[in-house]
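Some notes on the structure that comes next.
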Amino acid sequence: MSHHESHDTEVSHFIRDIIKEDLATGKHKSIATRFPPEPNGYLHIGHAKSICLNFGMAKEFSGTCNLRLDDTNPTKENTEYVESIKGDVRWLGFDWGDRLFFASDYFEKLYNYAEELIRMDKAYVCELSAEEIRAFRGTLTEPGKESPYRNRPTEESLDLFRRMRAGEFEDGKMVVRAKIDMSSPNITLRDPTIYRIRRAHHHRTGDTWCIYPMYDFAHCLSDALEGITHSLCTLEFENNRPLYEWFINQLDVPSHPRQIEFARLELTYTVMSKRKLLRLVEDGLVSGWDDPRMPTIAGMRRRGFTPAALRNFSERIGVAKRNSTVDVAMLEHALREDLNATTRRVMGVLDPIKVVIENYPEDAVEELDAPFHPEDESMGSRTLPFSRELYIERDDFMENPPKKFFRLSPGREVRLRYAYYITCKEVVKDEAGNIVELICTYDPESRGGTADGRKVKATLHWVSAKHAIRAEVRLYDRLFTTPAPEGDKEKDFTTFLNPDSLNVIEAYLEPSLASAAPEDRVQFERIGYFVADKIDMTSEKPVFNRIIGLRDTWARISSKEGA
RNA sequence: UGGGGCGUCGGCAAGUGGUAAGCCACCGGGUUUUGGUUCCGGUAUUCCUAGGUUCGAAUCCUAGCGCCUCAGCCA
């Protein structure tokens, strides 16, 4: 973890309290958590919250956190997903050591537990069809009816279950169900299915099984087998907790974990459901799961997010039971905060306008020294070539500036960062009236950016025209235009897609950037934070992604004044 | 209309009987070779509502109201 991480924001939350209490009372000598994703998709920022919570609690209390892939449904899972999950967790900065597990590691044990349940007359093989089971289940307000197979002899169920395993029956022919209470007001307790027949190739166990355990049965037992003390999951599993406890109480298991539920993360201006994320990818609305606009960990990584920013964010949003939607500005703040501290400052001009310094020698080139970080000398410095023709940002010049505009305009003097003071003498336009060039003069006494006490109201970034390198710059913005893209029941969330979420431009950058390595992050001074694209960056054709812009007070002032 | 859960500032979120932390956002102001950073200051007489208990309640009691969740051989 980087030394930039701030721990001063650590706040109490109910899970931390429970853990402290359990340690204080001696209920547990040490704690064990786990992050249990199903390898059927890519991880997103919601998972990041869970990862940070589980690994974070383990680290904070010197416990352990297992990475467990919950692979009980072979029709949806594959190794590509397990690899991406491992990579994402590692990138976030967490280490599971030798504690990588799979629910499928326990298939044999799970099978034996199921047999045990049948022997205890706490489970039975049911031959009702899926539709019949549904019909027998009852509704929210009416109790269910018992299956006609419910009271068949234990031996018969046991025999059938063994033959299920042996592959004697076709898929869907029968299931094994826990025998609990068909009239329970909690529907998860109405004889839930715990094993089904599913002839599918499993990514790890291959074809050795044709029956697979259900989540409710497998999860609690996996936790118990691993000695998990605190099994943290999201709110929608609250209804399943009595069932979780039922299984571990019936069976002779090595430990009794406690399930604790917390609210999943929702973020403004984004969608989080796996289904909707898949839609974006499949409909080609984004370039893939790692599109820099996606809230996936892979996407955020490619966008240039830092693991520390995500960790800090997770800590700050807290953990509670209340459903809530976090303002994405909070995430952006955590991002800028980390980037500000860790990133080198360089210069690049996104939308150039040429400046010719008429009193600067025709062929002269000077090497000017410029630090990489004004507040952190340890980052060192580089030299910048300066010459007669430069580029500055189009936004930094106005022919008829409003009162509060401090930048360059006719007759006004400004500073070129780490270079000289220049004064605009003349504006050159084309036939159409577009400004194509600015004729300026410079003050040779202001080298480095200081002149005898003379103050100037603005400092502009610039690049030397003949030394600048050209690069593709991908300007990313929020994917949606509304804080709650899922909030309108009438309209599909894709109608709120931001048409300007990506703008690709060609920019002029200072030459040092040609040697940037993929995933190197920098700040283009006065503009924002950028990252050399993980996939497409090469020194021949540099590609930078905008991670996030700097806070732009001027933009707010000017739009407020209608300037 | 059964069960479970949740309601504290614009958004997160502490607080669990002693008189409303913090963060984001927002608004002022200082410093500044990034209109960045940073630093100072401001921002809930009030905790879903209504009653009640108490010297004292966001915290306890009662009754309402609102929102989330559960009827996969998904997780």
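When reading the values below, keep in mind they use all heavy atoms of this one structure, side chains included, and skip hydrogens, waters and symmetry mates. Reminder, nothing fancy here: chain letters follow the sequence lines and each chain counts from 1.
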Just the rounded figure in Å: distance from [atom2] of [N] to [atom1] of [X].
{"X": "A:R412", "N": "B:G35", "atom1": "CZ", "atom2": "P", "answer": "13 Å"}
{"X": "A:E236", "N": "B:A71", "atom1": "CD", "atom2": "C1'", "answer": "16 Å"}
{"X": "A:R322", "N": "B:G66", "atom1": "CZ", "atom2": "C1'", "answer": "14 Å"}
{"X": "A:I392", "N": "B:G35", "atom1": "CD1", "atom2": "C1'", "answer": "15 Å"}
{"X": "A:L350", "N": "B:U34", "atom1": "CG", "atom2": "C1'", "answer": "15 Å"}
{"X": "A:M214", "N": "B:A71", "atom1": "CE", "atom2": "P", "answer": "11 Å"}
{"X": "A:D171", "N": "B:C74", "atom1": "CG", "atom2": "P", "answer": "11 Å"}
{"X": "A:Y269", "N": "B:A25", "atom1": "OH", "atom2": "P", "answer": "13 Å"}

- State whether the side chain of A:E238 and the backbone N or O of A:I260 hold a donor-acceptor pair below 3.5 Å, judged by distance alone.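 No; zero donor-acceptor contacts below 3.5 Å.
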- Taking A:R521 for the side chain and A:F305 for the main chain, is one N or O donor matched with an acceptor at less than 3.5 Å?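 Judged by distance alone, yes, a pair lies under 3.5 Å.
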Distance, [atom1] atom - from [M] to [N], rounded to whole angstrom:
{"N": "B:G11", "M": "B:U45", "atom1": "C1'", "value": "23 Å"}
{"N": "B:U46", "M": "B:C67", "atom1": "P", "value": "26 Å"}
{"N": "B:C12", "M": "B:G7", "atom1": "C1'", "value": "15 Å"}
{"N": "B:U69", "M": "B:G28", "atom1": "P", "value": "40 Å"}
{"N": "B:U8", "M": "B:C23", "atom1": "C1'", "value": "15 Å"}
{"N": "B:G66", "M": "B:C48", "atom1": "P", "value": "16 Å"}
{"N": "B:G42", "M": "B:G22", "atom1": "P", "value": "10 Å"}
{"N": "B:C26", "M": "B:U37", "atom1": "P", "value": "11 Å"}

- Item | Syn/anti state for B:G72 [syn: chi within 90° of 0] |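 Glycosidic conformation of B:G72: syn.
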- Message: My understanding is that only one of A:T188, A:D216, A:D223 makes a side-chain hydrogen bond (donor to acceptor under 3.5 Å, both in side chains) with A:Y244; could you say which?
- Response: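 Running side-chain hydrogen bond (donor to acceptor under 3.5 Å, both in side chains) over A:T188, A:D216, A:D223 with A:Y244 returns exactly one hit, A:D223.
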- If we require ring centres under 5.5 Å and near-parallel planes under 30°, does A:W554 stack on B:G35?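 Stack criterion met.
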What nucleic acid atoms does [X] come within less than 4.0 Å of, heavy atoms only: base, sugar-phosphate, or nothing?
{"X": "A:P242", "answer": "nothing"}
{"X": "A:I133", "answer": "base"}
{"X": "A:I194", "answer": "nothing"}
{"X": "A:E375", "answer": "base"}
{"X": "A:Y420", "answer": "nothing"}
{"X": "A:V319", "answer": "sugar-phosphate"}
{"X": "A:F237", "answer": "base"}
{"X": "A:T268", "answer": "nothing"}
{"X": "A:R134", "answer": "sugar-phosphate"}
{"X": "A:R551", "answer": "sugar-phosphate"}
{"X": "A:A329", "answer": "sugar-phosphate"}
{"X": "A:K404", "answer": "base"}
{"X": "A:T553", "answer": "sugar-phosphate"}
{"X": "A:R556", "answer": "sugar-phosphate"}

- Item | Which residue lies more 5' along RNA chain B, comparing A:L550 with A:I187 via nearest heavy atoms |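 This one resolves to A:L550.
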- Query: When the nearest nucleotide of RNA chain B is assigned to A:D17 and to A:M174 on a heavy-atom basis, which residue is associated with the more 5' position?
  - Reply: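 Nearest-nucleotide comparison on RNA chain B picks A:D17.
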Go through [options] for me and flag the one nearest to the [X] side chain.
{"X": "A:N239", "options": "B:A14, B:C70, B:A75", "result": "B:C70"}
{"X": "A:P185", "options": "B:A14, B:G2, B:C6", "result": "B:G2"}
{"X": "A:M330", "options": "B:G11, B:G35, B:C74", "result": "B:G11"}
{"X": "A:L140", "options": "B:C73, B:G36, B:G2", "result": "B:G2"}

Using a cut-off of less than 4.0 Å, is there contact between a side-chain N or O of [X] and OP1 or OP2 of [N]?
{"X": "A:R196", "N": "B:C74", "result": "yes"}
{"X": "A:S129", "N": "B:C73", "result": "no"}
{"X": "A:R137", "N": "B:G72", "result": "yes"}
{"X": "A:T141", "N": "B:G3", "result": "no"}
{"X": "A:R316", "N": "B:C12", "result": "no"}
{"X": "A:T188", "N": "B:A71", "result": "no"}
{"X": "A:R241", "N": "B:G5", "result": "no"}
{"X": "A:H333", "N": "B:C24", "result": "yes"}
{"X": "A:S12", "N": "B:G15", "result": "yes"}

Under 3.5 Å donor-acceptor pair, [X] side-chain atoms to [N] base atoms:
{"X": "A:Q523", "N": "B:U34", "result": "yes"}
{"X": "A:E238", "N": "B:G3", "result": "no"}
{"X": "A:N323", "N": "B:G5", "result": "no"}

[N] - base-pair partner by Watson-Crick or wobble geometry, distances under 3.5 Å:
{"N": "B:G10", "result": "B:C24"}
{"N": "B:U46", "result": "none"}
{"N": "B:U38", "result": "B:G30"}
{"N": "B:G56", "result": "none"}

- Query: Can you say whether the rings of A:Y391 and A:Y508 are parallel (under 30°), tilted (30 to 60°) or perpendicular (over 60°)?
  - Reply: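 Ring orientation of A:Y391 relative to A:Y508: tilted.
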- A:E445 vs A:Y421 side-chain heavy atoms within contact, under 4.5 Å: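 No; the side chains remain at least 4.5 Å from each other.
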- If we only count heavy atoms from C-beta on, is the A:L160 to A:R152 side-chain gap below 4.5 Å?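 Yes; the side chains approach each other to less than 4.5 Å.
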Under 3.5 Å, is there a donor on one side chain and an acceptor on the other for [X] and [Y]?
{"X": "A:D338", "Y": "A:T306", "answer": "yes"}
{"X": "A:E413", "Y": "A:Y442", "answer": "no"}
{"X": "A:E261", "Y": "A:Q259", "answer": "yes"}

- Item | Exercise: identify the closest heavy-atom pair between A:T343 and A:V522 |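 Result for this residue pair: CG2-C, 3.5 Å.
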